[in-house]
Number of protein chains: 2
Amino acid sequence: MKIATELLKGVLEGIVLQRIGTGETYGYEITQYLNDHGFEDVVEGTVYTILMRLEKQQLVAIEKKKSDRGPARKFYQLNAAGEERRAQFWQQWAYVSTQMTQLKEKTHD
Amino acid sequence: MKIATELLKGVLEGIVLQRIGTGETYGYEITQYLNDHGFEDVVEGTVYTILMRLEKQQLVAIEKKKSDRGPARKFYQLNAAGEERRAQFWQQWAYVSTQMTQLKEKTHD
DNA sequence: TAAACTACTTTGTATTACTATATAGCAGTA
DNA sequence: TACTGCTATATAGTAATACAAAGTAGTTTA
């Protein structure tokens, strides 16, 4: 399904945090995962800019490892600040999600 | 609750479409409604820019009416294109919402 | 050697919410 | 009259983010 770019803002960063948080991973793999799980149109450039943003904000630890199939991979892990950010994201998501559900059901008062 | 600005992008337009779609309303009232229903920090300027965007995209019909309590109000209604956009929005929201739920529950494969 | 796949990087653009400010009508009151 | 508060709309400037597009490089395979 084609999703409006604007609806993904903020959301994609949350997804990337979640992916990194549940196990060390790298940009190319995250992109593949998204493309295979409901976000077909997300391209590498988008994921890499998010990863670099997380790095700049010091939410991740990075380790470079050789690959058996191509160039070296940059593996990401969440540090304590990153874990906190991930938790925050899901809290906000849950909140917005709840409000939206109520809003949808409601007509004017 | 304080929500990251980026998480609201796309969402707010959907909410405004929904409000207009369930009954003629105007900017100030929409802002009040949002402030009273989980989006405390949304200010008038934000709502008005959304309304003008909808107007520019020809998704709404507008009627100016005198108020008994202040300056005239600009009432908005969805036209056919606006209704379609509203339906689209909720489809996309449902889709993203579903994917997010699955993503949250999942660790690495 | 060339193509295909893996993997990361960067530059520029469009969109959108927010900040801040301005304008204005009306009611009550000091 | 002047002031305050509430109602109501408008807009210029800014920051954040996803995307398009292009490039760089290593590995594998035909």
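Chain letters run A, B, ... following the sequence lines, proteins first and then strands; every chain starts at 1. Note that these values count all heavy atoms, side chains included, but never hydrogens, waters or copies made by symmetry.
Among the atoms of the strands shown, only primed sugar atoms or phosphate atoms (P, OP1, OP2) are found under 4.0 Å from some heavy atom of B:T5. Residue-level contact check: B:G27 touches the backbone only, with heavy atoms under 4.0 Å from sugar-phosphate atoms and none from bases. A:D41 comes within 4.0 angstrom of no nucleic acid atom, judged by non-hydrogen atoms across all strands. The residue A:L51 sits apart from the nucleic acid: no heavy atom pair falls under 4.0 Å.
Of the residues in residues 71-85 of chain A, those lying under 4.0 Å from DNA chain D by heavy-atom distance are A:P71.
Across the interface with DNA chain C, nearest-nucleotide mapping of A:T49 and A:E6 shows A:T49 to be the residue nearer the 5′ end. The 5' end of DNA chain D is approached more closely, in terms of each residue's nearest nucleotide, by B:S67 than by the other of B:S67 and A:E13.
B:I20 and B:Y76 make their closest contact through CG2-O, 3.4 Å (heavy atoms, listed as atom of the first residue, atom of the second, distance).
Between B:E24 and B:K65, at least one side-chain nitrogen of the basic residue sits less than 4.0 Å from a carboxylate oxygen of the acidic one, meeting the salt-bridge criterion. Note on A:R85 versus A:E13: salt bridge recorded, some NZ/NE/NH1/NH2 to OD/OE distance being below 4.0 Å.
Checking the phosphate oxygens (OP1, OP2) of D:dA8, a side-chain nitrogen or oxygen of B:Y26 falls inside 4.0 Å. Phosphate contact (OP1/OP2 of C:dT6, side-chain N/O of A:Y28, threshold under 4.0 Å): present. When the side-chain nitrogen and oxygen atoms of A:R53 are compared with OP1 and OP2 of D:dT17, one or more of them lie within a distance under 4.0 Å. Between D:dA10 and B:Y48, no contact under 4.0 Å exists linking OP1 or OP2 to a side-chain N or O.
Distance CD (B:E63) to P (D:dT9): 13 Å, rounded to an integer number of Å. When rounded to the nearest whole Å, the span between CD of A:E29 and C1' of C:dC5 equals 16 Å. Here the P atom of nucleotide D:dC19 and the NZ atom of A:K9 are 9 Å apart, to the nearest Å. In this structure, NZ of B:K56 is placed 11 Å from P of C:dT16, rounded to the nearest angstrom. We find that CD of A:E44 is positioned 11 Å from C1' of C:dC5, with the value rounded to whole Å. Residue A:E40 contributes atom CD, which lies 17 Å from atom P of D:dA18 at whole-angstrom precision. Between B:I50 atom CD1 and C:dA17 atom C1' there is a gap of 8 Å when expressed in whole angstrom units. Taking atom CG of residue A:N35 and atom C1' of nucleotide C:dA7, one finds them 14 Å apart after rounding to whole Å.
With D:dT11, C:dC18, D:dT7 as the candidates, the nucleotide lying closest to the side chain of B:M52 is D:dT11.
With A:D41 contributing its side chain and A:K2 its backbone, the two residues share no donor-acceptor pair below 3.5 Å.
Annotation for A:E84: atom CD does not count as buried by contact number, only 12 or fewer foreign heavy atoms lying within 6.0 Å.
From B:K9, atom NZ reaches atom OG1 of A:T5 across 12.0 Å, with rounding to the nearest 0.5 Å.
At least one cation-pi condition fails for B:K74 and B:Y26: the charged atom is not both under 6.0 angstrom from the six-membered ring centre and inside a 45 degree cone around its axis. Annotation: cation-pi pair B:R19/B:Y33 present, NZ/CZ under 6.0 Å from the ring centroid and within 45° of its normal.
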